[in-house]
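What follows is one structure encoded as structure tokens, with my remarks underneath.
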Protein chains: 2
Amino acid sequence: MKRIADSTVRRLSAYLRFLEDFEERGLSTISSDELARRGGTTSAQVRKDLSFFGSFGKRGLGYSVPELAGRLREILGLGRQWKVIIIGAGKIGAALVAYRGFRQRGFQILAAYDSSSDKVGRTLEGIPVRDISHLEKDVHKDLPDIAVVTVPGENAQQVVDRIVKAGIKAILNFAPTQLQVPPDVTVKTVNMAMELEGLSFAFSNRD
Amino acid sequence: MKRIADSTVRRLSAYLRFLEDFEERGLSTISSDELARRGGTTSAQVRKDLSFFGSFGKRGLGYSVPELAGRLREILGLGRQWKVIIIGAGKIGAALVAYRGFRQRGFQILAAYDSSSDKVGRTLEGIPVRDISHLEKDVHKDLPDIAVVTVPGENAQQVVDRIVKAGIKAILNFAPTQLQVPPDVTVKTVNMAMELEGLSFAFSNRD
DNA sequence: ACATGTGAACTGCTTCACAGCG
DNA sequence: CGCTGTGAAGCAGTTCACATGT
């Protein structure tokens with residue numbers, strides 16, 4: 001299969017969100033034009049994005065909302081439960097544990113890990129906070145699919161090395177660091193400082 | 001001036017972070033090759049990125065670490081204080097208020113806003129939580145540059161409409177919604193659900 | 001008639017390769 | 001000689017435009 005661009009996958013995510021909106025409102029069909037308007041893109045872009053995966057629409061009519069939503073869930077790999085662990089039970093970790101969007105989309109948080117004895121043994125929203133020293137043993141037992149890293153930047157690489165060695169292949173990184181991982185491990189980084197600097201740049205250079 | 005790609009600005013941010021590392025360690029010069037290795041890119045990319053803004057290096061030698069860091073701060077608009085307000089004093093808002101990376105880079109948080117009477121009147125890490133109904137009046141008085149939106153998705157657009165009407169031109173959005181704003185307003189969206197779905201897709205389609 | 005699906009054209013980012021300069 | 005700075009080439013993502021199917 002052809003390699004799919006990152007930007008395409010992000011748009012598919014967005015389309016799915018709109019479709020779920022439409023599903024709730026009981027609408028049954030939608031055109032590429034309408035999806036485009038909601039997503040800030042063009043109808044040609046929508047059709048091209050979908051065309052990588054098949055032909056889901058009816059000419060002259062548009063797309064069936066429930067069918068397309070189903071297809072997108074399948075494409076995005078959301079037709080299953082993902083087991084997630086969170087490394088770092090600080091403020092960001094706590095916010096993520098409380099975030100309902102995770103569970104809603106099939107991401108099940110197994111546990112959070114921290115090194116501080118203040119936090120270990122307590123729970124966050126019903127999720128146990130475990131000692132980071134148990135990480136390898138637990139990963140071996142629970143086989144999580146995804147690790148979310150919310151430790152300080154200076155500890156991030158060493159934590160990631162442990163996670164990777166333990167066999168996890170997907171990482172969502174909140175530390176403001178460029179992580180080094182082997183090619184079979186996927187990392188997505190969310191870097192708030194970078195986003196702010198992007199705003200700062202845009203603002204400074206606006207005309 | 002030529003339009004600068006988003007990807008370029010993000011890399012400039014990354015370069016600056018590495019340079020600050022180098023500065024602390026007292027190193028005085030760095031080559032495009034070394035910056036590239038740290039940033040997961042190529043030396044040609046580094047040089048091209050910088051070339052949009054001038055010629056900062058010495059042939060045969062590399063770049064002066066403090067000079068290049070200074071230039072990048074200037075380019076990114078970090079040579080000033082930015083006044084930031086946070087809309088939504090929930091878990092994410094609280095995590096952001098506590099995040100030290102903001103202040104370190106000249107982003108000064110003036111206040112957080114919320115509609116819940118449990119939160120209004122209290123403080124988060126020394127930052128006052130004010131009633132959202134005072135938003136317009138306060139913006140008029142304090143003239144914040146950037147608003148960070150951490151309200152639930154279903155309220156995000158209406159909050160953004162108020163912010164924009166009050167005159168703010170830069171928004172960092174944590175709500176999982178595609179926001180509609182006029183063309184003179186810059187929005188950066190951080191969408192965790194989208195990142196997770198990106199991981200899910202990558203994992204499902206790995207070979 | 002209407003909206004999809006898709007090659008072809010286009011735009012723009014990245015990589016190459018080398019001249020230029022310390 | 002080494003490393004920068006940069007046109008030119010290459011490649012990838014987006015947009016166009018129209019044939020196709022309902």
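First the proteins, then the strands, lettered A, B, ... as listed; each starts at 1.
Side chain of Thr186(A) to main chain of Ala170(A): no donor-acceptor pair is present (N/O by atom type, distance under 3.5 Å, no hydrogens or angles).
Taking atom CZ of Arg37(B) as the reference point, atom P of dC3(D) lies 11 Å away to the nearest angstrom. Put simply, NZ on Lys2(B) is 7 Å from C1' on dG12(C), counting in whole angstrom units. Taking atom CD of residue Glu34(B) and atom P of nucleotide dC3(D), one finds them 11 Å apart after rounding to whole Å. We find that CG of Asp49(A) is positioned 13 Å from C1' of dG5(C), with the value rounded to whole Å. Atom C1' of nucleotide dG5(D) and atom CG of Leu68(B) are separated by 14 Å, given to the nearest angstrom. Taking atom CD1 of Ile4(B) as the reference point, atom P of dC13(C) lies 9 Å away to the nearest angstrom. With rounding to whole Å, Leu50(B) atom CG is found 10 Å from dT4(D) atom P. Rounded to whole Å, the distance from CZ on Phe52(A) to C1' on dG7(C) is 13 Å.
Qualifying ring-ring contact (aromatic ring centres under 6.0 Å, His included) partners for Phe203(A), counting only residues two or more places apart in sequence or in other chains: Trp82(B).
Using a 4.0 Å cut-off between a side-chain N of Lys or Arg and a carboxylate O of Asp or Glu, Arg11(A) and Asp6(A) do not qualify as a salt bridge. Classification of Arg80(A) and Glu74(A) as a salt-bridged pair fails, no side-chain N sitting under 4.0 Å from a carboxylate O. At a threshold of 4.0 Å, the pair Asp184(A)-Arg206(B) does not count as salt-bridged, since none of the basic side-chain nitrogens sits closer than that to a carboxylate oxygen.
No hydrogens or angles considered: nothing links the side chains of Glu195(A) and Asn191(A) as a donor-acceptor pair under 3.5 Å.
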Original post:
What is the per-nucleotide protein-contact pattern of nucleotides 15-22 of chain C, from the 5' end, where B denotes a base atom under 4.0 Å from a protein heavy atom, S denotes such proximity for sugar-phosphate atoms only, and - denotes neither?
Top reply: BBB-BBBS

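In terms of phosphate contacts, Arg11(A) brings a side-chain nitrogen or oxygen within less than 4.0 Å of OP1 or OP2 of dT14(D). Phosphate proximity of dT4(C) to Ser55(A): absent, as no side-chain N or O sits under 4.0 Å from OP1 or OP2. Proximity of Ser32(A) to the phosphate of dT4(C): a side-chain N or O atom is located under 4.0 Å from OP1 or OP2.
The environment of CZ in Arg100(A) is sparse: at most 12 heavy-atom neighbours from other residues, nucleotides or ligands sit within 6.0 Å.
Contacts of Ser43(B) with the nucleic acid, taken as non-hydrogen atoms under 4.0 Å apart, are absent.
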